[in-house]
Amino acid sequence: MIKKYAIADYTTAEEIKNVRKELNMTQKEFAKFIGSSKPTVERWECSDKKISGPIILLLKMLKEYPEMSEKLMIPPKQLPIRMWYMYKNEKCTLIDVDDAKRVVQIKNYTDRIMFRAFGTNVEPTYDDYLVFLEDRCFPRTRDRLKLVLDDLGIPFYDPFLIVEKTKGKMAEDDFWIDIER
């Protein structure tokens with residue numbers, strides 16, 4: 001649990017370093033966690049000046065709601081494929097997949113059920129994942145399917161390849177999929 005720090009409109013190098021260490025993160029991991037760069041974290045932790053900016057809000061949040069750090073943490077990638085189910089610029093669900101072993105692991109980053117990749121299902125099967133992928137692309141029965149696949153440079157109907165090319169964007173839909181490589 002993170003100690004409660006007295007944070008005003010500024011923070012100090014010591015406070016940032018203490019929070020990072022209590023989260024058991026390296027500077028690189030902490031930088032990724034807060035959406036910053038490692039050099040920025042290094043500079044903060046070596047500074048003898050008062051530090052201001054968005055980091056103050058994050059430290060206040062962690063002070064007030066220490067359990068949020070666990071919820072916000074991105075687990076290390078352990079399976080070959082990692083994708084993010086997104087709503088506009090908001091990360092909704094992290095999906096890790098191993099096609100060879102037919103394994104799927106997810107972590108939801110929203111409490112809004114309708115924004116989650118698998119809704120209320122928190123332990124989707126590989127078959128659930130395949131249905132999800134196919135739902136994020138045009139149907140197999142689409143008229144002139146071969147022409148659409150040719151336009152995308154895809155030799156045959158494969159939902160993963162289609163999602164990779166189209167980001168799983170559907171007409172008039174703000175949801176999409178970001179596949180990490």
Side-chain angles (χ1 to χ4, degrees), residues 1-2 19 22-26 28-36 54 57-58 60-146 148-149 151-181:
M1 176 174 278
I2 297 172
V19 168
E22 287 179 30
L23 290 171
N24 199 25
M25 292 183 185
T26 64
K28 183 177 180 181
E29 292 166 337
F30 186 68
K32 185 174 182 180
F33 176 69
I34 64 171
S36 186
L57 296 175
L58 177 64
K60 284 182 180 182
M61 182 194 75
L62 292 173
K63 178 185 104 173
E64 196 68 30
Y65 308 101
E67 69 279 0
M68 287 299 292
S69 65
E70 181 65 31
K71 185 175 180 176
L72 296 173
M73 198 87 53
I74 298 172
K77 183 178 176 186
Q78 297 176 344
L79 300 179
I81 299 170
R82 171 162 279 185
M83 58 182 69
W84 289 95
Y85 183 60
M86 308 284 291
Y87 175 73
K88 295 183 181 179
N89 290 325
E90 177 186 346
K91 293 178 177 179
C92 297
T93 304
L94 173 65
I95 307 166
D96 286 337
V97 181
D98 185 332
D99 284 312
K101 295 179 181 175
R102 298 179 55 89
V103 173
V104 176
Q105 297 172 348
I106 69 164
K107 182 173 180 178
N108 290 307
Y109 288 87
T110 181
D111 292 329
R112 297 177 288 184
I113 302 296
M114 298 298 290
F115 284 38
R116 293 178 177 181
F118 299 93
T120 58
N121 185 355
V122 294
E123 293 183 15
T125 64
Y126 186 77
D127 289 334
D128 294 330
Y129 159 74
L130 293 176
V131 168
F132 165 76
L133 272 185
E134 195 154 347
D135 284 346
R136 296 307 307 173
C137 46
F138 49 84
R140 293 175 186 270
T141 57
R142 183 171 181 163
D143 188 35
R144 299 184 179 149
L145 176 65
K146 185 66 176 148
V148 176
L149 292 173
D151 284 346
L152 293 173
I154 300 173
F156 52 88
Y157 188 88
D158 180 315
F160 182 83
L161 294 177
I162 294 168
V163 165
E164 190 173 40
K165 288 280 188 169
T166 65
K167 295 196 175 277
K169 291 183 180 181
M170 307 297 285
E172 300 177 21
D173 184 4
D174 290 319
F175 291 94
W176 58 285
I177 299 170
D178 183 30
I179 299 175
E180 289 183 12
R181 286 289 179 181

Looking at [atom1] of [X] and [atom2] of [Y], how far apart are the two atoms once the value is rounded to the nearest 0.5 Å?
X	Y	atom1	atom2	result
Lys107	Ile74	NZ	CD1	8.0 Å
Leu58	Ser36	CG	OG	10.5 Å
Ile154	Thr166	CD1	OG1	7.5 Å
Cys137	Arg142	SG	CZ	10.5 Å
Leu62	Ser69	CG	OG	6.0 Å
Leu149	Arg144	CG	CZ	14.5 Å

Ignoring hydrogens and geometry, is there a side-chain-to-backbone donor-acceptor pair from [X] to [Y] under 3.5 Å?
X	Y	result
Lys165	Leu152	yes
Glu29	Thr26	yes
Arg116	Thr110	yes
Lys28	Ala31	no

Hey, does [Y] have a side-chain heavy atom less than 4.5 Å from the side chain of [X]?
X	Y	value
Phe160	Met83	yes
Ile177	Met86	no
Glu90	Arg112	yes
Tyr126	Val131	no
Asp128	Asn121	yes
Ile81	Asp98	no
Leu94	Pro75	yes
Tyr157	Ile162	yes

Self-check item: side chain to side chain contact (heavy atoms under 4.5 Å, CB included) evaluation trace for Ile95 with Ile106
Solution: CA-CA 5 Å; Ile95 307 166; Ile106 69 164; 4.2 Å; yes
Exercise. Show the numbers, then the answer: is there a side chain to side chain contact (heavy atoms under 4.5 Å, CB included) between Val104 and Asp96?
Key: CA-CA 6 Å; Val104 176; Asp96 286 337; over 6 Å; no
On a heavy-atom basis, which atom in [X] and which in [Y] lie closest, and how many Å separate them?
X	Y	result
Ala117	Thr93	N-OG1, 3.0 Å
Pro155	Gly153	CD-O, 4.0 Å
Val163	Leu133	CG2-O, 3.8 Å

Quiz item: Can you name the salt bridge (charged side-chain N to carboxylate O under 4.0 Å, His left out) partners of Asp173, sequence neighbours left out?
Solution: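 Arg136.
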Self-check item: Which residues share a salt bridge (charged side-chain N to carboxylate O under 4.0 Å, His left out) with Asp151, sequence neighbours left out
Solution: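 So Asp151 forms no salt bridge (charged side-chain N to carboxylate O under 4.0 Å, His left out) with any residue.
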Quiz item: Phe118 vs Phe132 aromatic rings, parallel, tilted or perpendicular, using cut-offs 30° and 60°?
Solution: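 Tilted: the ring planes of Phe118 and Phe132 meet at 30° to 60°.
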Quiz prompt | Plane angle bin for Tyr87 and Phe115 - parallel if under 30°, tilted between 30 and 60°, otherwise perpendicular | solution =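 Correct class here is tilted.
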Quiz item: Glu123 and Gln105: side chain to side chain contact (heavy atoms under 4.5 Å, CB included), yes or no, with the steps?
Solution: CA-CA 7 Å; Glu123 293 183 15; Gln105 297 172 348; over 6 Å; no
Quiz item: In terms of side-chain geometry, is the basic nitrogen of Lys77 or Glu180 positioned less than 4.0 Å from the acidic oxygen of its partner?
Solution: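 Answer for the salt bridge query: no.
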Practice problem: Apply the test side chain to side chain contact (heavy atoms under 4.5 Å, CB included) to residues Phe33 and Met25: give CA-CA distance (whole Å), side-chain angles for both, the deciding distance (0.1 Å), then the verdict. | Solution: CA-CA 9 Å; Phe33 176 69; Met25 292 183 185; 3.7 Å; yes
Practice problem: For Trp84 and Tyr109, run ring-ring contact (aromatic ring centres under 6.0 Å, His included): C-alpha distance rounded to whole Å, both residues' side-chain angles, the deciding distance at 0.1 Å, then the answer. | Solution: CA-CA 10 Å; Trp84 289 95; Tyr109 288 87; 5.5 Å; yes
Exercise. For Glu67, check side-chain contact (heavy atoms from CB on, under 4.5 Å) against everything at least two apart and list the hits.
Key: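 With sequence neighbours excluded, Glu67 shows a side-chain contact (heavy atoms from CB on, under 4.5 Å) to Tyr65, given in chain and number order.
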